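Numbers here simply count residues along the sequence, with the first being 1. All values below come from the heavy atoms of this structure, side chains included, with hydrogens, waters and symmetry mates left out. Keep in mind the model is a prediction, meaning the values are calculated, not measured.
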Amino acid sequence: MASHSPPPAFLRLAAHPLRWRLLTALATSDHRVRDLVTLTGEPQNLVSYHLRLLRQGGLATTTRSTFDGRDTYYHLDLDRCADALTSAGAALHPALRPAVVTGGGITRARVLFVCTGNSARSPIAEALLRHRTGHRVEVTSAGNRPRTGGLHPHTVRVLRDEYGIDVSGRQPRHWDTLTGRRFDYVISLCDRAREACPDFPGDPRRAHWSLPAPGDYADHVRIAADIDTRIRHLRPLLEEAQP
């Protein structure tokens, strides 16, 4: 007898055309509601309604903007999406469980991470992307108000203790020193830097990761883990960005 169980929740959520467009937009960058209204061309009340459904389904989360507290950034939980897709395939037939695919070599992608002080979030991202790709990515980081006196001590400690990466000699840099440089990706990691980040030649792809400034060491550990997860999902996009 054929099963009459309903389709998996992920399929019901993702099958709606507007929700799929929202998922697609959030897959590569965090966005505010007004950004998504512009990207989709749909009314704000409709976009907000479908974003609420994605939140209720556990696929999207929100963070309050540190640049303008009236704004909220939406972030797609890609690990949750991957798990939901795996479960959906297995619900139809066990043979449809996705195989694990490893990415190919990344040899020419150029990535710039920016945050305000270039002392915590962006140097963590720089160090982790370089580490996770075996130094095969041309990656740097910068800020518009570089911290004097070197990287935050917790940044140095978390990268050393949690990931085995030594950045003790690294100094924050101003993004003005990169004027004229070409990048495939420019990724902002704080809301203030997103608003102030200059344009770079070559029309690089822009993305935003809305992450609060870490405070104590536990904050740095949590932020580094979040960045590490995002970098894992960034790697396939870097392969596509190669000429």
Side-chain angles (χ1 to χ4, degrees), residues 13-14 18-42 44 47-48 50-55 57-68 70-82 103 106 109-116 118 121-122 124-126 128-129 132-133 137 139-144 175 182-200 202-213 223-242:
L13 278 171
L18 178 53
R19 288 198 292 272
W20 181 253
R21 291 165 68 190
L22 295 173
L23 289 170
T24 301
L26 292 170
T28 56
S29 179
D30 298 352
H31 287 292
R32 300 163 296 187
V33 172
R34 68 172 181 266
D35 301 328
L36 295 166
V37 167
T38 300
L39 288 169
T40 62
E42 299 291 347
Q44 180 172 332
V47 169
S48 295
H50 287 288
L51 285 171
R52 185 169 67 252
L53 294 181
L54 293 177
R55 286 187 64 190
L59 300 182
T61 59
T62 59
T63 56
R64 186 70 65 181
S65 170
T66 56
F67 176 72
D68 184 344
R70 297 168 297 179
D71 273 335
T72 296
Y73 279 93
Y74 281 80
H75 168 64
L76 185 64
D77 188 334
L78 285 169
D79 278 341
R80 185 81 175 258
C81 290
I106 305 172
R110 300 160 296 185
V111 180
L112 170 64
F113 293 107
V114 297
C115 68
T116 302
N118 191 221
R121 288 162 289 187
S122 56
I124 288 173
E126 176 188 357
L128 287 175
L129 179 59
R132 295 303 186 198
T133 58
V137 168
V139 55
T140 189
S141 66
N144 62 330
W175 60 39
R182 290 180 176 269
F183 299 96
D184 299 301
Y185 258 91
V186 175
I187 302 174
S188 49
L189 287 88
C190 76
D191 303 332
R192 292 183 180 276
R194 178 187 187 274
E195 301 298 326
C197 187
D199 293 328
F200 288 89
D203 194 25
R205 301 184 190 186
R206 299 288 291 265
H208 180 56
W209 298 351
S210 182
L211 300 171
I223 289 294
D226 190 344
I227 291 172
D228 200 31
T229 297
R230 291 172 183 257
I231 281 174
R232 177 160 46 85
H233 295 299
L234 174 67
R235 289 193 61 193
L237 300 179
L238 297 183
E239 293 170 13
E240 292 180 1
Q242 294 185 84

Could you grab the distance from atom [atom1] of [X] to atom [atom2] of [Y], nearest 0.5 Å is fine?
{"X": "L53", "Y": "L18", "atom1": "CG", "atom2": "CG", "answer": "10.0 Å"}
{"X": "D68", "Y": "R192", "atom1": "CG", "atom2": "CZ", "answer": "9.5 Å"}
{"X": "S188", "Y": "R206", "atom1": "OG", "atom2": "CZ", "answer": "6.5 Å"}
{"X": "T62", "Y": "L51", "atom1": "OG1", "atom2": "CG", "answer": "10.0 Å"}
{"X": "L112", "Y": "I187", "atom1": "CG", "atom2": "CD1", "answer": "9.0 Å"}
{"X": "I223", "Y": "L189", "atom1": "CD1", "atom2": "CG", "answer": "9.0 Å"}

Practice item. Could you pull out all residues at least two apart from W175 that satisfy ring-ring contact (aromatic ring centres under 6.0 Å, His included)? Key: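 Per chain and number, W175 pairs via ring-ring contact (aromatic ring centres under 6.0 Å, His included) with no residue.
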Practice item. Quick one: list whatever passes ring-ring contact (aromatic ring centres under 6.0 Å, His included) with H31, sequence neighbours left out. Key: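 None.
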Give a yes or no answer on whether the side chain of [X] reaches the backbone of [Y] with a donor-acceptor pair at less than 3.5 Å.
{"X": "S29", "Y": "H208", "result": "yes"}
{"X": "R121", "Y": "C115", "result": "no"}
{"X": "R132", "Y": "I231", "result": "no"}
{"X": "D30", "Y": "S210", "result": "yes"}

Exercise for review: For R182, look at atom CZ and say whether over 12 heavy atoms of other residues, nucleotides or ligands are found less than 6.0 Å away.
Suggested key: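 No, CZ of R182 has 12 or fewer neighbouring heavy atoms, counting only those of other groups under 6.0 Å.
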Check your understanding: Crowded around R21 CZ? As in, over 12 foreign heavy atoms under 6.0 Å?
Key ->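 Result for CZ/R21: enclosed.
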Point to revise | Min side-chain heavy-atom separation E42-H50 under 4.5 Å | key: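 Not in contact.
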Exercise for review: Under the side-chain contact (heavy atoms from CB on, under 4.5 Å) rule, what do L23 and L76 come out as? Steps first, then yes or no, please.
Suggested key: CA-CA 7 Å; L23 289 170; L76 185 64; 3.4 Å; yes
Review point. Does the side-chain contact (heavy atoms from CB on, under 4.5 Å) test come out yes or no for W209 and L234, once each step is laid out?
Key: CA-CA 11 Å; W209 298 351; L234 174 67; 4.2 Å; yes
Check your understanding: Salt bridge between R232 and D228, side-chain N to carboxylate O under 4.0 Å?
Key ->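 Salt bridge flag = no for D228 with R232.
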Check your understanding: Are the charged groups of D35 and R194 less than 4.0 angstrom apart, N to O?
Key ->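 Salt bridge: yes.
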Point to revise | Full working for side-chain contact (heavy atoms from CB on, under 4.5 Å) between R34 and V47 | key: CA-CA 9 Å; R34 68 172 181 266; V47 169; over 6 Å; no
Check your understanding: Would L238 and L129 satisfy side-chain contact (heavy atoms from CB on, under 4.5 Å), going step by step from the backbone distance to the final call?
Key -> CA-CA 11 Å; L238 297 183; L129 179 59; 3.9 Å; yes
